[in-house]
Every structure is written in structure tokens, then in C-alpha cells.
Q: 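A single structure is presented below for examination.
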Amino acid sequence: MSPRASGATKRRRTIPAIDRLGGLLLGLVAGFALLLLVAPSLIVIAISFEPRAFISFPPSGFSLRWYWAVFENRQLTDSILVSLEVATLVMLAALLLGVPAAFASVRGTFPGKAGANAFLLAPQMMPGMVIGIAMLFFGAYVGFRASDLMLVVALTVFCIPFTIRIVMARLAGLDPRLDEASANLGAGPAETFLRVTVPQLGPALLAAAAFTFIEAFDNVTVALFTSDVRGRPLPVELYYLVQNDSTPAIAAISAMEIMLSFVVMLVIARTVGLERLGR
Amino acid sequence: MTQIEIAGVGKRFGAHQVLRDCTLSIARGQVLTLLGASGCGKTTLLRIIAGFLDPDEGEVRIQGRDITTLPPNRRQVGYVFQNYALFPHLTVAENVAYGLKVRRRPRAEIADRVRAALETVALAGFADRYPARLSGGQQQRVAIARALVLEPEVLLLDEPFNALDAKLRLAMQVELRKLISRVGITSIFVTHDQAEAMTLSDQVAVMREGRIEQLAAPLDLYDRPATPYVATFIGRANVVPVTVRGGAVEGVPGVAAARADGPAALVLRPENLRLLAAGAPGVVWNGRVAFATADGPTMELELDAGLAEPLRAVLPRRAGEAAPAAGTLLGLGIADPAGCAVIPHAG
Ligand SMILES: Nc1ncnc2c1ncn2[C@@H]1O[C@H](COP(=O)(O)OP(=O)(O)O)[C@@H](O)[C@H]1O
Ligand SMILES: [Mg+2]
């Protein structure tokens, strides 16, 4: 065998070895990342079943007493209600404002469109804290005090880029010729919207609503500065709670939130397909 | 009776003049093809007729009625899109029923007409499928059924065979031509394939850079091209610069030219040339063979006769005959002088 040929066989043999090693490394890194992401959630869920009055891991037994404790705590139930209410309002406002905005920025042709797009999506580039503080200072200037309403406004500003982006992504994927086909078959613009656009947009609207709701429900950074001192939303309430107390009740609330998010994702996965959200 | 008329239509996109002074009319039940290279404005003209675009100037009339400013949903004009544009969230039957539902027809009538339309395009068994699960040819037929079920005054088809493979394309062309003459609907096809235009149409409008270069029956287009562009776009042609004097072409005996004296171009189809010995009687051009090949029934050769381009000839081949070797000195004459066209000079 010539030296050249043997070199070639050698190389052929070494490449799969490197591939295998690369695959192994990739698998390890991916597994580690997954562990980092998932492990805290799993630990929190485990801790929430702790029967004793202090946090320990692994839990010393199994009990649901901290779940009951959450619902017996007026302060906590009130803040859950505030958060549900605020998240619902933010979700509605973001959809009401965001869907038409997404339409304009995908389908519209008007001067300054690029600028308008950048402006709409700008809050996403900004830390929530900045939005919260800006809102608070601006509120002080115009005599608008931190309150549920301010929280809703600030969170809507914060969340609307998420809403717009999800709807935009789907809209951009729709074939504008379908609208022309509909018009050609006799449908006016409103009927085309209802018969062609909405059915295809439906899943994206559902996803946008769910994500906006979750985002608004568990936001701390914006809420810290803009919420009412008396009617604190849940994340802020928890933030203050962990400062002087660490009961397994906090783990129980977190576990409930995790499960809520999980259920929402599951519903979306079943109805829409998660892979379609990215588009 | 004129079914549809386009008069002086022009369209600009920004600084780009895409259509200029397009004028044509189609009699009821006729099939017209817009033929031209990609980017010459065919789709734009079709979209103006459908109402998706407004022309900058000119008019579109259907049965004498000006519809230039009518919104697309109030025109009785069917449109088959290049990619078919079927609604992905609706089944085949729902796609076909769409226009009838929009028109608020009674349920039973919709069901009947949809069934009949699907039978017409031989898709009766596919009513409940979604478009994603159909082949290209089936999607095309759904798109046609969806337009035809509304019995439009005019049917517009934008390169309807483009998405189909070559074999299916031929079959569908024949099928569609039969279907159109059966339902007797006035149609405008768009294509960039001249063979397709020849098969399908009663009239062909050759478009070039936004203008209609020539409007004629397919064979007239071949036999009597009006410009060098048409002559070379429809089939192959030798376009030879000549001089017209006193109603005849100088140096080319037997070819009449109903033109004023001066420079002109002679259009010679390759199959209208005959091969002779150099200098023999009837020879118009002498020269050396630049290239020759034979493929059974015919042979094809290029003769370098001192013109700007070599003359191309397609000649019948007798058994045992070989193509002449390159460099052979030969003569070419014209088989049928009446079959030549004399047209304006290319420049
Ligand atoms: N909406 C548009 N905006 C700008 N230019 C366009 C638009 N539609 C078509 N054009 C241009 O007009 C010319 C003709 O396009 P089109 O009618 O689609 O050609 P064809 O169908 O013959 O291939 C092309 O140069 C194309 O780039
Ligand atoms: Mg086109």
C-alpha cells in the first residue's frame, strides 16, 4: 500500500472518532444546560411538599399543608387576585393594540414604517426596571400614582413587543395572494379578514395571549416600581416575603406557577404545535 | 362580440415603466395568450384586469362596460394564480364553495354546484382533502374549479402549468383546452413558453418590455412576424438585412415586399431554405459550412455566407445521406419565396 493511500484510510478512520467525540460533548453540554434549566424547578416542586415549617431538600416527607397555607393567607390570595386581574387586563390591552400594530407593520405601506416598527419593538431592548422607573418618574410628573392602573399600563408597554412579534411572525408567513384570491372570489376586505386571515392567525393569537399573560403575571422588575403598596401583585409580594421569611409556602406558590405555565404550554403544544410559534 | 377590451393601459412602479399602451380585445369564447419573456409585464397586465392593481392610464372593459376602477371583489373575473393560492385551512370542497358562500347561495345549491365543478375537473373523490395533501396537478385543477364554479365572464390564468413537470404539463394543457372550449369561457393565459402559447390559443399577444409587440393567430405569428423580436421569439428564424427597391428585395429573387424602398429585414425560417451546389441556379447565398449535424429525418447546418450571423438551415434528409463536412463550399436557396416575411429593419 502506498503511503498516500494509507494516509487516506487513516483520515477516514479518525474523522468518525472526532465526530463521535463531538457528538458526545454536544450531548453533555445540552444535558447540562437542560439540567440547569429544569433542576431548580424540580427542586422547588419537591420542596413544596415539605411537611415541616422550614425549607429542606430533599423534603422530609410529603404533605400538601403549604398549599393550603397559601390559600389561608389573605395577603397572598389578595396578591394572586391582583396578579390575575392585572395579567388579564395587560393581555387584553396588548392584543387590542398589538394585533392592529402587527398588521400595519407587516402589511402596511406608509412613510416611516421602519421607524414605527423599531419604536413598537423598542421596549423589548430595555430592561423592565428602566421601564418601571421611567413610568414612576413620569407618573410623579403628571400626577399619576403607582396603582393597579399604572401597573397595567407599564406592563402593557413592556409586554406588547412579545405580542406583536408573535402575531407579526405568523402574519409575515401568510401568503398575501390568499387575500387576493378571496377578493377575486367576491369577498370584501372584512369578509376576507374573517374567512381567510383570522382562521390562519388563530393559533398565533392564542399563543400571543398565553405568552403575554404569563409574562405579565410573573413580572417583577416593572411591577416593583409601579404597583400599589397595598395591592401588590404576586411576584412583588413574594419578593418581600422571601426577605424576612422563608416558608415552604413560597415553594408551593412557585410550584403552582410552574405547573400553570406547564399546562399552558401543553395546551398550546396540543392545539397549535410549539414549533409553529417560532414562525 | 367583444367580451373584453384593454385600451391603452400603462403602469409604472416608481420610475420603472412596466406597461406601455397595451391594447387588445378578445371575442367571446376565445382564448388569448400573453406570451413574453419573464419580467415583460404579463402578470402585471393580468392583475390589472383582475383589479388587484390600478393602471396609471387606459381602460379595462368587459362587454363594453368600463370596470377600470371596480374593486376586485365586484368583478366577474376568475383568476388562477401562478402558485394556485388555495386556502390551506379549507378542504378542496370548501375551497371550491368559497365564492358561492360569499355570495350567500343556498346550502343545497352550493353542494350541487361544488360537486358538479369537482366532477368537471375529475376531482370528485378528493372533496374532503386539504390542499397540502394534493399533487401539483390536482391543486391546479382545484384552483380552476374554484374559479369556474362562479361562471365568470372571463378566466385569467397566470402560468398555470409552470409548477407541473413536463409530462403532466402536456396532458394538462390538452385537458384545459378541452375544458375551456366545453364551457366556452373567454380566457386569457399567461406564459413564457411559446410552444404552450401555440397549443392553447386562438390569439397570441407577444409582449416585450411592457408593450404588445404583435397580436395575431398563432400560425400567422409564425408565418408573418411583424418584428425581428417576434420572428426569433416564435420558433427559429434567420433575420437577414436586405434592401427593398420597387416592391422587391434586392438580390433575393421572387420575394415581394409591400414596403417603401430602403433597408429592411428578411425573415427566413430554417426549413424554408434548400441546399444547392455552390453557384448553381437558384442559389441566393454561397458560403462554407460552419457546422452541420444530422438526426435521422432532418439535418441542420450553419452556413457562413458573409452575413452578420451564419444562416441556419433545417433540411430533409434522405436515407444514407451524411451531413456535409465543415468547410465545404455550398449554396443556399429559398424553397418558397412567398413564405418569407419582409419586416422593418432591426435597428
Ligand atoms: N409590485 C411591484 N413593485 C415594483 N415592481 C414590480 C412590481 N410588480 C412587478 N414589478 C416589476 O415589473 C416587471 C414586470 O413584472 P411581471 O408583470 O411580474 O412580469 P412577468 O409576469 O411578465 O414575468 C418586473 O420587472 C417586475 O420586477
Ligand atoms: Mg409573471
Side-chain angles (χ1 to χ4, degrees), chain A residues 99 102-104 106-114 166-209 267-279, chain B residues 13-14 43 46-53 70-91 94-105 110 113-114 117 130-132 139 142-158:
Chain A
V99 173
F103 262 87
V106 173
R107 295 268 170 96
T109 46
F110 52 91
K113 178 171 152 175
I166 293 174
V167 179
M168 264 177 81
R170 183 71 187 122
L171 258 184
L174 294 190
D175 184 353
R177 270 166 300 198
L178 295 181
D179 289 25
E180 291 179 352
S182 170
N184 180 254
L185 295 166
E191 192 158 11
T192 296
F193 182 75
L194 289 178
R195 284 186 187 272
V196 176
T197 314
V198 170
Q200 295 189 85
L201 216 52
L205 291 180
L206 188 70
V267 168
I268 291 178
R270 274 300 174 79
T271 54
V272 189
L274 283 179
E275 73 285 353
R276 283 178 60 182
L277 292 182
R279 280 198 268 139
Chain B
F13 288 118
T43 298
L46 217 57
R47 291 169 57 78
I48 285 173
I49 299 171
F52 303 143
L53 283 175
L70 208 61
N73 54 315
R74 305 210 358 241
R75 300 185 185 197
Q76 307 293 314
V77 172
Y79 199 109
V80 176
F81 289 81
Q82 196 164 358
N83 68 347
Y84 311 135
L86 299 179
F87 302 121
H89 59 294
L90 301 180
T91 62
E94 287 164 346
N95 263 280
V96 176
Y98 191 92
L100 297 168
K101 278 203 185 124
V102 167
R103 282 168 177 69
R104 312 277 185 268
R105 305 309 304 170
I110 294 180
R113 285 172 68 176
V114 168
Y130 283 91
Q139 290 184 22
V142 176
I144 290 166
R146 185 175 71 173
L148 282 184
V149 77
L150 299 174
E151 298 168 0
E153 288 159 342
V154 177
L155 183 63
L156 309 176
L157 304 101
D158 192 357

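Proteins get letters first, then strands, A, B, ... in listed order; numbering begins at 1 in each. Treat the numbers as computed from the prediction; the structure is a model and nothing was measured.
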Q: Give me the atom names and distance for the closest heavy-atom approach of B:Phe81 to A:Glu180.
A: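 Closest heavy-atom pair between B:Phe81 and A:Glu180: CE2-OE1, 3.6 Å.
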Q: If the condition is side-chain hydrogen bond (donor to acceptor under 3.5 Å, both in side chains), which residues does A:Asp179 pass it with, not counting sequence neighbours?
A: A:Arg107
Q: Can you tell me which portion of B:Arg47 sits under 4.5 Å from chain A's heavy atoms? Options are side chain, backbone, both or neither.
A: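 The side chain, not the backbone.
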Q: With B:Arg103, which residues qualify under side-chain hydrogen bond (donor to acceptor under 3.5 Å, both in side chains), at least two apart?
A: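 Listed in chain order: nothing, the list is empty.
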Q: By number, which residues in residues 84-91 of chain B have some heavy atom less than 4.5 Å away from chain A?
A: B:Ala85, B:Leu86, B:Phe87, B:Pro88, B:His89
Q: Considering only heavy atoms from C-beta outward, does the side chain of B:Val102 approach that of A:Arg195 to under 4.5 Å?
A: yes
Q: Shorter than 4.5 Å, heavy atoms on both sides: which option in B:Arg74, B:Arg75, B:Arg146 has the most such pairs with chain A?
A: B:Arg146
Q: Sequence neighbours left out, cut at 3.5 Å: what donor-acceptor pairs do the side chains of residues 181-189 of chain A make with other protein atoms?
A:
from: A:Ser182; atom 1: OG; to: A:Thr192; atom 2: OG1; distance (Å): 2.8
from: A:Ser182; atom 1: OG; to: B:Tyr98; atom 2: OH; distance (Å): 2.6
from: A:Asn184; atom 1: OD1; to: B:Tyr79; atom 2: N; distance (Å): 3.1
from: A:Asn184; atom 1: ND2; to: B:Val77; atom 2: O; distance (Å): 2.6

